[in-house]
Amino acid sequence: MGLGILLVLLFLSACSSAVKVAPFEGAETPECHAVGALWPSTVGDAQWRETAVDSVTVAAWGDPAIIARCGAVPPGPTEDLCIDSAGVDWIVEELEDGTSFTTYGRSPAIQVLVPDAYSTPPLLLPAFGPAAETIEQGSNRCS
């Protein structure tokens, strides 16, 4: 095998379709492992993708990747936009390149990042309902 082909193969093997995402510091809890066991197989039309970290507390779907992570610090009382999706409350934060949704009233919290490439991001949230519901709802609710 020539050196050029070997270099191409090394380059291709170094390229990975795995999504690079880091777990939250507080992710290694029984609650987040229960969430990870219930991540959806699809989110809208987006298919499950491999992540570059060996943790069930993070997951990704589609390209560009929709990313979900358990273990976020729960947000306190807020006047930010808060929506109820299938019985799960989410704080909505518009980002420069997408939308962030964080469960409200659940500890630990789940964060879902949806890139701008997806239209109507709130319609993707019901896919995360079963996983989010494994964490008990506290007293904070959307009003």
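Each of Ile83, Ile135, Leu125, Thr103 was compared with Val88 under the side chain to side chain contact (heavy atoms under 4.5 Å, CB included) criterion, and only Thr103 meets it.
Between the CG atom in Asp80 and the SG atom in Cys142 there is a gap of 10.5 Å [rounded to 0.5 Å]. For the atom pair Leu124 CG and Trp61 CH2, the distance stands at 10.5 Å (nearest 0.5 Å). For the atom pair OG1 (Thr134) and CD1 (Ile110), the distance works out to 6.0 Å, reported to the nearest 0.5 Å. Taken to the nearest 0.5 Å, the CD atom of Glu96 stands 9.5 Å off from the CG atom of Asp116. One finds the CD1 atom of Ile91 at 11.0 Å from the CD atom of Glu79 (value rounded to the nearest 0.5 Å). Here Ile66 contributes atom CD1 and Phe128 contributes atom CZ; the two are 6.5 Å apart, rounded to the nearest 0.5 Å.
Arg106 is listed as a side-chain neighbour of Gln137, based on a closest heavy-atom distance under 4.5 Å. Side-chain contact between Trp90 and Ser100 is absent, with no heavy-atom pair separated by less than 4.5 Å. Within the 4.5 Å cutoff, the side chain of Thr57 has no heavy atoms near those of the Val35 side chain.
In the hydrophobic clustering of ILVMFWY residues, with side-chain heavy atoms under 4.5 Å counting as a link, Leu95 and Leu123 come out apart. No continuous path of hydrophobic side-chain contacts links Ile67 to Trp39 [ILVMFWY only; heavy atoms under 4.5 Å]. Each of Trp48 and Leu113 belongs to its own hydrophobic cluster when Ile, Leu, Val, Met, Phe, Trp and Tyr are linked at side-chain heavy-atom distances under 4.5 angstrom. Following chains of ILVMFWY side-chain contacts shorter than 4.5 Å, one can reach Leu81 starting from Phe101, so the two form part of one hydrophobic cluster.
Contact detail for Ala65 and Pro115: the closest heavy-atom pair is O-CG, 3.2 Å. When all heavy atoms are compared, the tightest approach of Val21 to Val53 is O-CG1, 3.4 Å. Closest of all the heavy-atom pairs between His33 and Ala27 is CD2-O, 4.5 Å. Across all non-hydrogen atoms, the minimal contact from Ala86 to Glu133 is O-OE2, 3.6 Å. Shown here for Pro108 and Pro74, the closest heavy-atom pair between the two residues is CA-CG, 4.5 Å. The minimum heavy-atom distance linking Pro126 with Pro122 is given by the pair CD-O, 3.8 Å.
A donor-acceptor pair is defined here as one N or O able to donate and one able to accept, closer than 3.5 Å; such a pair exists between the side chain of Arg69 and the backbone of Ala22. No donor-acceptor pair closer than 3.5 Å links the side chain of Tyr104 to the backbone N or O of Asp84.
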Would Glu28 and Ser55 satisfy side-chain hydrogen bond (donor to acceptor under 3.5 Å, both in side chains), going step by step from the backbone distance to the final call? CA-CA 9 Å; Glu28 292 303 319; Ser55 176; 3.3 Å; yes
